[in-house]
Amino acid sequence: MRTGEPLPSVGDVLVTLATGMWHWDTASGLVTVDAEAARLLGLPAEPTTLTEAQTRARLHPADWNEITGVVQLAVAEGTLAEVRIRIMDEQGRIVRVVRSRSKPSYDPERHAYQLIGTLQEVTEPTPGTPAGRRAVTGDWRRSREAFLLDAGRALAEARSTAEVLRVAAGLSMPGFSPDGLAVFGVEGDRLTIIGHHGHQPGDDGPFSHMSLATDYPAAEVVRTGRAVYLSSPAEYKERYPVTWPLAEKFGRSSWGFLPLTAAGRTMGAWMAAFAYPVAFTPDERAVLNTVARMLAQALSRAGAADSQRELAEGLQRSMLPSLGPEIPGMGVAARYVPTGGGLQVGGDWYDMIPLPGGTSRTKSGGGRFALAIGDVQGHDVRAAGLMGQLRIALRAYASEGHRPDAVLTRASRFLHGITHDEHMTDLRFATCLYVEADPATGQLEIARAGHPDPAIRMADGTVMMRPVVGGLPLGIDPDADYPTTRFTLEPGETMMICTDGLIETGGHDMESGWRRVRAILEDHRGDMESLADALVQGVHGPSSHHSTGPLADRREDDIAVLLLGRPLEDTAVRPTVRRTLLSVAQDEPERIAEARRHLRELLHDWASDEQVDSAVLLVSEMVTNVLVHTDADSLLLAEVTGEPGGRRLRVEVSDAGDDLPHRRRPGELASSGRGLILIELLAHVWGVDPRGEGKSIWFELYESDGAGAPYRV
C-alpha cells in the first residue's frame with residue numbers, strides 16, 4: 001500500500017486475517033455472525049442470525065458453559081472475555097478450535113448482556129507438550145474462576161432452602177457438569193433427602209431415613225467428614241457392594257460425595273453424579289470442594305431463615321384475628337404486611353371485637369362491634385409480645401361493655417403498668433384507634449391515642465381525611481383522657497384506618513404519603529377486598545399477605561390497614577350528596593386550620609377556585625367568631641348537593657351561645673368586626689337561625705353562578 005492511499009476497511013482487514021465478527025444479545029436470545037464467523041461455525045459462508053439454541057448446537061457443551069461463566073467474570077472485572085471453543089459437526093465430532101475475544105457489557109434495566117467479538121481459528125498445541133499443557137491449564141483456571149465467582153454470587157443471594165437447591169441444580173461446572181445431584185441432611189442417626197435434581201419422583205425412597213451406619217457413600221461422608229470420589233461403576237461396586245444395587249439402576253459412570261460442613265459441623269452430604277467417566281483430578285476436586293463449602297454455608301443460612309419465617313408465621317397466625325363472616329349492613333376488609341427486618345413480626349395489629357348486646361358474626365345478628373388498630377413501638381420480639389398482650393387487654397375491656405374512651409384509658413393504664421416496672425429499661429408506648437360501629441345506623445364512635453386519623457371515601461369517590469379528637473399514645477400517662485368523636489358512615493362510604501407504615505413507607509412523610517394513599521383511594525374501582533390489595537400494592541408491590549397468607553419478604557415498616565364500608569341499598573343510584581362534620585372546641589383553636597383543610601378536600605373538584613377560597617375564608621371567620629365571642633364550642637357542617645357544574649355548597653356553623661351575631665362598622669385599623677360583611681360580599685345566600693339551645697349561622701354558594709351576586713336573608 002502506497003503512502004497516501006486510504007486505509008482498508010475493518011471488514012477487509014478481518015477477512016484478510018480470517019477473523020469473523022459476531023454479536024450476541026441475551027435479551028433477544030439472538031446471535032448475529034458475518035460470513036467468516038459463519039464459516040468457522042461450520043455454516044455456509046454468509047451473514048446470518050442464529051438463536052442461542054442453534055449456536056449452542058455448534059459448540060462443545062462444556063465450552064458453552066465456559067463462555068457464560070467467563071462473560072460474567074469479565075463484566076465484573078471490566079476486562080475482555082477470552083475463551084477457546086471447540087466447533088462440532090452434526091455427528092458430534094470436533095472439526096476445529098477457535099478463539100473468541102469479546103468486550104461484554106451488562107444492561108441492568110434489561111437484565112441482559114451484550115457481546116461484540118471476534119472468532120479466529122487457532123492451531124491446537126500437541127497434547128503432552130509444554131505448550132499444550134500451558135494452553136489447557138490457562139483455559140481451565142480462567143473457566144474455574146469464572147464459574148466459582150458466579151456460583152458464589154448465586155448461592156449467597158439464595159434466601160430459602162428451595163432457592164439454594166435450584167441454584168445448585170443449575171450450576172454448570174467448567175468441563176465436567178453433573179447430570180444428577182442430591183443433598184442429604186441428618187436427623188438423629190439417619191440420612192434424609194433435602195432435595196435432588198436429575199432423578200424421577202420416588203427415586204429417593206430407598207435413600208430416605210437410611211441409617212448412618214449403612215455402607216453407603218453419603219453415610220460414610222457424614223460419619224467421617226471426608227469426601228468420597230468414585231470414578232467408575234466398578235470402583236463403586238468394589239467399595240460399597242451392599243448399596244451398589246441401589247445406585248446401579250441410575251446408569252451413572254462417576255460419583256462425588258462431599259461433606260457439607262458449616263461452623264465445624266458436618267450437617268450433611270452433597271452428591272454429584274456424572275453420566276460420563278470423571279477422573280477427579282486435583283483441580284476438579286478443588287472445584288467440587290469449594291462448591292460444597294459454599295453450598296453448606298448457603299443451606300445453613302437458608303435453614304435459619306426458613307425457621308425464622310416459620311416462627312414469624314406462627315406468631316402472626318396466633319396474634320392476628322380472622323374477620324369472620326359478612327356483617328349485615330357493613331363490610332370489613334383487612335391486610336397486614338410485616339416488616340422484613342428481625343422476625344418479620346412487629347408491633348402493628350388490628351382486631352375485630354363483637355360487643356355485648358349482639359354479635360356481628362351471626363347471620364341474623366347485626367349487633368354492635370368494635371374495630372381496633374394500633375402500633376406498638378419497635379419491630380422486635382418484645383414489640384410483638386406487647387402487641388399480643390395489648391390486643392387481649394383491649395378485647396377484654398371492650399367485651400365488658402366499656403365505651404371507647406374508657407377502653408383506651410384502661411388500655412393505657414395497663415400498658416403503662418407492664419412497661420414501667422422498676423426493672424424495665426426498655427420503655428414502650430403504643431398508638432391506637434378504636435372504633436365502635438352500629439351496622440343498623442352506620443353510627444361510629446371513635447377514640448384515638450396518638451394514631452393517624454381515619455380517612456373517608458365518599459360514595460362519589462371524594463376522599464377526605466376525617467380528623468377526630470384524641471389523646472396521648474397508650475402507656476405514656478396512666479391517667480390520660482381519650483375524647484370520643486361521633487359521626488355517621490353514610491351508605492356508599494368507606495372508612496380506612498391504618499398504621500403509619502402504609503403512609504410513610506418509601507421515603508414519604510405523612511403529607512406526601514397521604515397524597516399517594518389518597519390517589520389510590522380515589523382511582524380505585526372495585527370492592528373493598530380489591531381496594532385493600534390496591535393500597536398494599538400501591539405502596540409495596542404485590543401483597544404477600546391476606547388475613548392468613550404468607551409473610552412478605554422485605555418491608556420498610558409494618559403495615560396494618562382496615563376498611564369499613566356501608567354498601568348502597570341501590571347500587572345503580574349513587575347519591576349526589578357529600579357532607580362532612582367537624583367540631584372545634586374552645587381549647588382547640590388549632591383545629592380551625594383542620595376545618596379549612598377539610599373544606600378544601602370536600603371541594604376538591606369545584607369548578608371555581610375563587611369560590612373555594614371564599615368558602616374557606618368564610619368558614620375560618622365563622623368558627624373563629626364562635627371561639628372569640630362565646631364560651632361555647634363550634635360545630636361545622638358542610639354539605640355539597642347536585643350534579644357537577646350546578647352544585648350547591650351549604651355550610652353551617654352552630655354553637656350553644658345565646659347572643660345572635662350583628663353587623664358592626666369597624667374602623668379602618670380595627671382587627672375584627674368584618675365577619676358578616678365578608679359573608680354579605682362573598683356568599684350567594686346566608687342567614688342566622690336561632691335554635692332551642694344556641695344558634696346556627698349559614699351560607700350557600702352556587703357552582704354555576706361563579707362569583708354571582710350576594711343575596712341576604
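Using a 4.5 Å heavy-atom threshold, the side chains of Met210 and Leu246 count as touching. Considering only heavy atoms from C-beta on, Thr51 stays 4.5 Å or farther from Val31 through its side chain. Between Met294 and Thr290 the shortest side-chain heavy-atom distance falls below 4.5 Å. In this structure, the side chains of Leu41 and Val33 come closer than 4.5 Å at one or more pairs of heavy atoms. No side-chain heavy atom of Arg86 sits less than 4.5 Å from a side-chain heavy atom of Arg58. In this structure the side chain of Val186 never reaches within 4.5 angstrom of the side chain of Thr192, judged on heavy atoms. A heavy-atom distance below 4.5 Å is not found between the side chains of Val97 and Ile87.
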Next item on the list: Report the C-alpha distance between Glu121 and Leu40 in whole Å, list the side-chain angles of each, state the deciding distance to 0.1 Å, and finish with yes or no for side chain to side chain contact (heavy atoms under 4.5 Å, CB included).
Entry: CA-CA 7 Å; Glu121 188 169 4; Leu40 293 174; 4.0 Å; yes
Margin query: Does Asp215 form a side-chain hydrogen bond (donor to acceptor under 3.5 Å, both in side chains) with Thr243? I'd like the steps, not just the answer.
Written below: CA-CA 7 Å; Asp215 187 29; Thr243 53; 5.5 Å; no
Next item on the list: With side chain to side chain contact (heavy atoms under 4.5 Å, CB included) as the test, would you mind laying out the steps for Trp349 and Asp375 before giving the verdict?
Entry: CA-CA 6 Å; Trp349 91 95; Asp375 181 1; 5.7 Å; no
Note to self: What verdict does the side-chain hydrogen bond (donor to acceptor under 3.5 Å, both in side chains) test give for Trp244 and Glu238, after you've listed the backbone C-alpha separation in whole Å, the side-chain angles of each residue and the deciding distance to 0.1 Å?
What the structure shows: CA-CA 9 Å; Trp244 164 246; Glu238 180 182 355; over 6 Å; no
Notebook entry, point to check: Given the rule in the side chain to side chain contact (heavy atoms under 4.5 Å, CB included) test, do Trp270 and Val291 qualify, once you have shown the distances and angles that lead to the verdict?
Noted result: CA-CA 10 Å; Trp270 172 47; Val291 172; 3.5 Å; yes
Checklist line | Leu43 vs Leu50, side chain to side chain contact (heavy atoms under 4.5 Å, CB included): CA-CA, chis, key distance, verdict | finding: CA-CA 11 Å; Leu43 300 171; Leu50 308 171; 3.7 Å; yes
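Sorted by first then second residue, the salt bridge (Lys or Arg N to Asp or Glu O under 4.0 Å) pairs that include residues 100-111, not counting sequence neighbours, are Asp25-Arg110, Glu82-Arg101.
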Atom pairs and distances, donor-acceptor, side-chain atoms in residues 226-233, under 3.5 Å, two or more places apart:
from	atom 1	to	atom 2	distance (Å)
Tyr229	OH	Asn289	ND2	2.9
Ser231	OG	Val278	O	3.3
Ser232	OG	Glu235	N	3.2

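Contact detail for Trp24 and Leu30: the closest heavy-atom pair is CD1-O, 3.5 Å. Taking every heavy atom of both residues into account, Ala275 and Ser253 meet most closely at O-OG, 3.1 Å.
Salt-bridge check for Arg190 with Glu187: failed, with every basic side-chain N at 4.0 Å or more from each acidic carboxylate O. With respect to Arg335 and Glu529, a salt bridge is recorded, a charged nitrogen being found less than 4.0 Å from a carboxylate O.
Note: Trp255 and Tyr236 have perpendicular aromatic rings, judged against thresholds of 30 and 60 degrees for the angle between ring planes.
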